[in-house]
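Computed from a prediction, not measured in an experiment: that's the story for all the values here. Chain naming here is simple, since letters A, B, ... match the order of the sequence lines and numbering starts at 1 in each. All values below come from the heavy atoms of this structure, side chains included, with hydrogens, waters and symmetry mates left out.
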There are 2 protein chains.
Amino acid sequence: MIEPAPAAWDNPAEDRGHTKAELTRRRILDAAAKVFRVRGFVGSRLTDIAAEANLQAGSLYYHFASREALVEEVMWAGQLRTEEQVRQQLAALGPEATPMQRLRTAVEAHLLAVLSSTDANSASIKMIGQVPPDIRERLLVGQRAYGDLWRGMLTDARDAGDLRDDVDLSIVRMAIMGALNWSVEWYHADKGNPEKIAADMAVVMLDGLRRRPDGS
Amino acid sequence: MIEPAPAAWDNPAEDRGHTKAELTRRRILDAAAKVFRVRGFVGSRLTDIAAEANLQAGSLYYHFASREALVEEVMWAGQLRTEEQVRQQLAALGPEATPMQRLRTAVEAHLLAVLSSTDANSASIKMIGQVPPDIRERLLVGQRAYGDLWRGMLTDARDAGDLRDDVDLSIVRMAIMGALNWSVEWYHADKGNPEKIAADMAVVMLDGLRRRPDGS
DNA sequence: GTCTATACGAGGATAGAC
DNA sequence: GTCTATCCTCGTATAGAC
């Protein structure tokens, strides 16, 4: 592979893509995610975001074409990161994991990604109902592979005979996503630790709230 | 009780509070709920709402002090109506219903209220994360009695020995509300009939997704 | 009560200096 | 690359006629 000139080692600030512009760009994205997460899309002004990134509002336009381009990039980053974190946890389970183990892991990983990862993760969920239709549409298309992952886990579990067969799995999937995603509306740091919440949610979804004589 | 003059029967348009102004006011509230439900708080302009109500934007100010006053009244109406519909279904069960029957009924009634009742019901849920902090705070205070209803049903069920005792009931409550409320983000009329969705959600929450040997 | 017309502020976006 | 200054659009809200 041919190294493009000038050689990276002559300019430390530019190696691995960390040019000044690139660093500022990321700082803006982080700042935007933080502001969007708290105030939502319409409630967030460019001056708020710029202030959070230690910039003037006009300077944002060197890095992003518009406020909408900025929000879309934040949301892509957030939803891709959530998906990636869930896939990583599933991969860590290894191929011998049962379908139910995979479901439990996915439930917990998704909630932890939303509650404890970057601001972009939760911002992308909070704003999905607030952004302009064209952006929303592109993001939903981008979620299809993630939706397929969940559909696959659920049908695998049913094929293995682990799931009751009197419920519609697409409704089940939306119920699970709702229980997990709605956490952006109520969770604050003092509501308990995310791992405990994730574990309880997984129990309720998979095993149900009802007490069982066998304690299962 | 003394009838205030002038007597209502002399002026049919005014009896039972149906003055012209009152009718227009309600038409505006309905129009606003419809627009808010689709576009959210920030995405809804007064001109959109006025057009939906067959009025000019300026005319809204005869009936409401501000856009915020309008959205707050829509949301109050929506959340009170949802609460009322749930309480009615619970009351219809009669006093001999078991705690689990009451929980199942409440889950189904809440979802049906959100999916099939007025636009205000779903708009109030969709916008809770979008309105200014002072409005949001008042609405959340107004939800406390409803939250208490759910807390009471859950603790009653646990006290009756029907619920597993290894999960935090406040987390369970938020999981249930999330699964139900998130439906405003994905439900469209072609997604199946609300009664079936409500029944499946209740099954998943209460009995769990896992197949049981006894088929319960 | 509802209209038309308009004042007003806010915030996104652009231009040009540095 | 980032700044300051400014333009321009849009939407809330108000004033006054009818």
Enquirer: Please identify each residue that fulfils side-chain contact (heavy atoms from CB on, under 4.5 Å) with Glu83(B), with sequence neighbours left out.
Expert: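 side-chain contact (heavy atoms from CB on, under 4.5 Å) list for Glu83(B), sorted by chain: Leu80(B), Arg87(B), Ala145(B), Tyr146(B).
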Enquirer: Side-chain polar contacts of residues 169-179 of chain B - donor-acceptor pairs under 3.5 angstrom, sequence neighbours left out - could you list them?
Expert:
from	atom 1	to	atom 2	distance (Å)
Ser170(B)	OG	Asp168(B)	OD1	2.8

Enquirer: Atom CG of Leu23(B) and atom P of dT2(C): how far apart are they, to the nearest Å?
Expert: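 Roughly 10 Å, once rounded to whole Å.
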Enquirer: When rounded to the nearest 0.5 angstrom, what is the spacing between CG in Leu112(B) and CG in Leu115(B)?
Expert: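 Going from CG on Leu112(B) over to CG on Leu115(B), the span is 7.0 Å.
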Enquirer: Could I get the full list of side-chain contact (heavy atoms from CB on, under 4.5 Å) partners for Ala32(B), not counting sequence neighbours?
Expert: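 side-chain contact (heavy atoms from CB on, under 4.5 Å) list for Ala32(B), sorted by chain: Phe36(B), Ile49(B), Leu70(B), Val74(B).
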Enquirer: How many whole angstroms separate atom OH of Tyr62(A) from atom P of dT2(D)?
Expert: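 Going from OH in Tyr62(A) over to P in dT2(D) covers 8 Å.
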Enquirer: Go through the steps for Ser44(A) and Arg39(A) under the test side chain to side chain donor-acceptor pair (under 3.5 Å), then give the verdict.
Expert: CA-CA 6 Å; Ser44(A) 299; Arg39(A) 307 202 186 180; 5.9 Å; no
Enquirer: Please report the distance, rounded to the nearest Å, between CG in Asn54(B) and C1' in dC3(C).
Expert: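 It is 14 Å, rounded to the nearest whole Å.
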Enquirer: How would you list all residue pairs meeting side-chain hydrogen bond (donor to acceptor under 3.5 Å, both in side chains) that involve residues 178-189 of chain A, not counting sequence neighbours?
Expert: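 Non-adjacent pairs meeting side-chain hydrogen bond (donor to acceptor under 3.5 Å, both in side chains): His110(A)-Asn181(A).
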Enquirer: Quickly work out the His63(B) NE2 to dG1(C) P distance and round it to whole Å.
Expert: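 Result: 8 Å.
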Enquirer: For residues 54-66 of chain B, please give each side-chain donor-acceptor pair under 3.5 Å, one per line with the distance, not counting sequence neighbours.
Expert:
from	atom 1	to	atom 2	distance (Å)
Ser59(B)	OG	Gln56(B)	O	3.4
Ser66(B)	OG	Glu68(B)	N	3.4
Ser66(B)	OG	Ala69(B)	N	3.1

Enquirer: Rounded to whole angstrom units, what separation is found between the CD atom of Gln56(A) and the P atom of dC3(D)?
Expert: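 The answer, rounded to whole Å, is 5 Å.
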Enquirer: Not counting sequence neighbours, which residues clear side-chain contact (heavy atoms from CB on, under 4.5 Å) with Gln85(A)? List them please.
Expert: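 Listed in chain order: Arg81(A), Ala113(A), Ser117(A), Asn121(A).
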Enquirer: Whole angstroms only, please: what is the CZ-P distance between Arg25(A) and dT2(D)?
Expert: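 It is 12 Å, rounded to the nearest whole Å.
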Enquirer: Got a list of protein N/O to nucleotides 16-18 of chain C N/O distances below 3.5 Å?
Expert:
none

Enquirer: For Asp48(A) and dA10(C), what is the distance between atoms CG and P respectively, to the nearest whole Å?
Expert: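 After rounding, the reported distance stands at 13 Å.
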Enquirer: List the protein contact pattern of nucleotides 5-15 of chain D with one symbol per nucleotide (5' to 3'): B for base contact, S for sugar-phosphate-only contact, - for none; contact means a heavy-atom distance under 4.0 Å.
Expert: ------SSBB-
Enquirer: For Gln143(A), enumerate each residue passing the side-chain contact (heavy atoms from CB on, under 4.5 Å) test, keeping only those at least two apart in sequence or located in another chain.
Expert: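 Partners of Gln143(A) by the side-chain contact (heavy atoms from CB on, under 4.5 Å) criterion, ordered by chain and then number, come out as Gln79(A), Leu140(A).
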Enquirer: Side-chain N or O of Thr24(A) versus OP1/OP2 of dT2(D): is the shortest distance under 4.0 Å?
Expert: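 The answer is yes; a side-chain N or O of Thr24(A) sits under 4.0 Å from OP1 or OP2.
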Enquirer: Given atom CZ of Phe64(A) and atom P of dG12(C), what is their separation to the nearest angstrom?
Expert: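 Roughly 15 Å, once rounded to whole Å.
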